[in-house]
Amino acid sequence: MFRNVGWSFLKNKSTILQNHNHIAKNFYSISTENHSHGGFQLQSHFISLIHACKTTQQLKQVHSQILLHNLSQNSWVITQFISTSSSFKSINYSISIFQHFLHPNSFVFNAIIRALSDNTQFQNSISHLVLMLRLNLKPDRQTFPFVLKSAGALFAGGLAGALHAQIAILGVEFDSFVRVSLVDMYVKLEMLDLTLRVFHETPERNKLGSILLWNVLINGCSRAGDLGQASELFEAMPERNTASWNSLINGFMRIRDLERAMELFFRMPEKNVVSWTTMLAGFSQNGDPERALAMFHRMLEEGVRPNDHTVVSALSACTRVGALEAGVWIHNYVSSNGFRLNREIGTALVDMYAKCGKIESASRVFCETKEKNLLTWSVMIWCWAIHGCSEQALQCFERMKSTGIKPDEVVVLAILTACSHSGLVDQGLIFFNSMRFDHLIEPTVKHYTCLVDLFGWAGRLEEALSFIESMPIKPDFVIWGALFCACRAHKNIKMAELASEKIQQLEPRHIGSYIFLSNIYAAVGRWEDVERVRLTMKNRGVEKDPGWSYIEVEGQVHSFVAGDRGHKRSEDIYLKLEELVLGAREQGYMPDTGWVLHNIEEEEKEDALGSHSEKLALAFGLISTPPGMAIRIVKNLRVCGDCHSMMKYASKMSNREIILRDIKRFHHFKDGACTCMDYW
DNA sequence: ATAGGGTTAG
């Protein structure tokens, strides 16, 4: 009878309460909590049984015994049960046990609130605090740390004050655990002034043992980018541990001060896996994936075992530079060192393979990854999209929806991108409208840009323009840039000039606007206008984006900038390049000087077009890999049109596949053609 | 007689 009484919390809370009161009146006397000596022994016996369980399977066997021995209403046993199944990530099992418990006391509530918080059901954990208060049960010092963690994780700023007040009312404000959690919640909510206020109100703050409080605070200052204050606190604190150092290092990494971060890292007395991971992730995020990977190998040499975070960060570094071999090495390392292919690692591997040009391997790992969330699906769909595989992207999207996952604005953006790369105008419009009206997602400027690409690719320029003009939000320079690219591809100079004007109004110092304008003049051979733009740009001192290309050869990543002569095989590279140009000319290649503005400074020093970073990487790839082997190049900007054309010739002449990733998409060159169909 | 807080990632 007891077992059949379930609580469905989320559906109707007032029914729950009526249920509870009814049950309380009628069945309280049959409570099986047993205070006799024999009952205590039985209870202890089951608690040790629960603690001995290693899997949910075993736990379920103990559960059936608990039911047989009439202990399913014993709060001591049930508390242990909830915590243990939660630690096995079987949160639904924890919830079910809780729901079959008729008169939960504060211990049982604390257990479920903690379990929900530990299993990222933050909203639900707060709902249980509310329920607890409704049942007139007093939350205590054991309740709040988890509730506060949930509020921080939910970024629920509106809750902060109410929880703080409740804590004060219940008189647990100065419990050290509650205190740390309170400070940490304000940190997560990015309320630095309140964080500091709570810290300064803490009487114990200068005593030994308050290290956590200081660490949380240093982390808060680091997140807020106030490294001056973080450093001061670090110096002033009564004692330090590895986490203190780690938090400060992370802060310097966040403000891109690699030197200070490194200095601290080398100076710290003891490094743990977090220290190494923080450095690795910091290098990777600050555009130095090579040093990031070096960190990974160094930590292995030092015998530090990486954890999931480390692996994800290392894979992300590979992804940035297209280091396929390094990525495969990490994949092997993970498989043979007892790492589980969980959601985080699975997603990172999918991203790595796809962005290194191995879309089939990405798809395989995606299938092997059993735990998928919205992010996992988004990454896969996004990858199909940038590879121009719109059919797979659309299929994947439908499969995602059929598993019950609701699309968000990011995944819709991926789908629209897929449509625009394949000219699926009508299909794209259907998704766009479905996003707004079925899923009630408000489109962002990025979605509108995608639609402009969509019309543009299909050559429907008038529709693209009227679409921009009818947008409910103000068009930015990126969207005009999209229109501009469409005009260039379809040689509509009048509309291109309009777009270019808009771009220059919105972003007068942005190099893109000059490049755009120069490109369009070059496309129709108005060379004096090209020169005029170049001079304007020079006079205004517009800085160029440094363009670089990466290529991995034998597990080693080589990077090139335009006009680069720093590589040790530089001479051979330029010889090969000359040979390529000559060969291509015989086949009809003409240097497309409309693209020189990409590297205006080098133009003065070098033969600008001829030494773009992607061409150097290509030449190096050709001379340093065996014939027939595919060449993979990663470029940080959009590939230049002249290089794009050269790649086509090169793929034909060398009889090789060239896989080039630029900032926007993948280009697969084969037999003189590219999968992007010359529109990107 | 039940029990707990911070640092790294996509």
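Because only heavy atoms are used, hydrogens play no part in the values below, and waters and symmetry mates are left out as well, while side chains stay in. Chain letters run A, B, ... following the sequence lines, proteins first and then strands; every chain starts at 1.
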Selected nucleotide, minimal atom distance to [X] side chain, candidates [options]:
X	options	result
A/T79	B/dT2, B/dA9, B/dT7	B/dT2
A/N250	B/dG4, B/dA1, B/dT8	B/dT8
A/F40	B/dA1, B/dT8, B/dG4	B/dA1
A/V312	B/dG10, B/dT8, B/dA3	B/dG10
A/K188	B/dT7, B/dG5, B/dT2	B/dT7
A/P145	B/dT7, B/dG5, B/dA9	B/dG5
A/F177	B/dT2, B/dG5, B/dA1	B/dG5
A/E344	B/dG5, B/dA9, B/dT8	B/dA9
A/D351	B/dA9, B/dT7, B/dG10	B/dG10

Name the nucleic acid region contacted by [X], choosing base, sugar-phosphate or nothing; use a 4.0 angstrom heavy-atom cut-off, strictly under.
X	answer
A/N246	base
A/A348	nothing
A/S176	base
A/N373	nothing
A/D175	base
A/R114	sugar-phosphate

[X] [atom1] to [N] [atom2], straight-line distance once rounded to whole Å:
X	N	atom1	atom2	answer
A/L293	B/dA9	CG	C1'	15 Å
A/I97	B/dT2	CD1	P	22 Å
A/R141	B/dG5	CZ	P	15 Å
A/R254	B/dT7	CZ	P	11 Å
A/L213	B/dT7	CG	P	13 Å
A/F107	B/dT2	CZ	C1'	6 Å
A/L137	B/dT2	CG	P	18 Å
A/I249	B/dT8	CD1	C1'	11 Å

So among A/N219, A/T278, A/N272, which one has a side-chain hydrogen bond (donor to acceptor under 3.5 Å, both in side chains) with A/N246?
A/N272
Where does the angle between the aromatic ring planes of A/H63 and A/F81 fall among parallel (under 30°), tilted (30 to 60°) and perpendicular (over 60°)?
tilted
Could you check whether the rings of A/H331 and A/Y353 sit parallel, tilted or perpendicular, using 30° and 60° as the cut-offs?
perpendicular
Looking at A/S316, does any N or O in its side chain come under 4.0 Å of the phosphate oxygens OP1/OP2 on B/dG10?
yes
Under 4.0 Å between a side-chain N/O of A/Q285 and OP1 or OP2 of B/dG10, yes or no?
yes
Are A/F199 and A/W214 close enough that their ring centers fall under 6.0 Å?
yes
Please check if the distance between the ring centroids of A/F397 and A/W377 is under 6.0 Å.
no
Do the side chain of A/N110 and the base of B/dG4 come within less than 3.5 angstrom through a donor-acceptor pair of N or O atoms?
no
Is it the case that the side chains of A/N241 and A/S244 hold a donor-acceptor pair, with the cut-off being a distance below 3.5 Å and no angle test?
yes
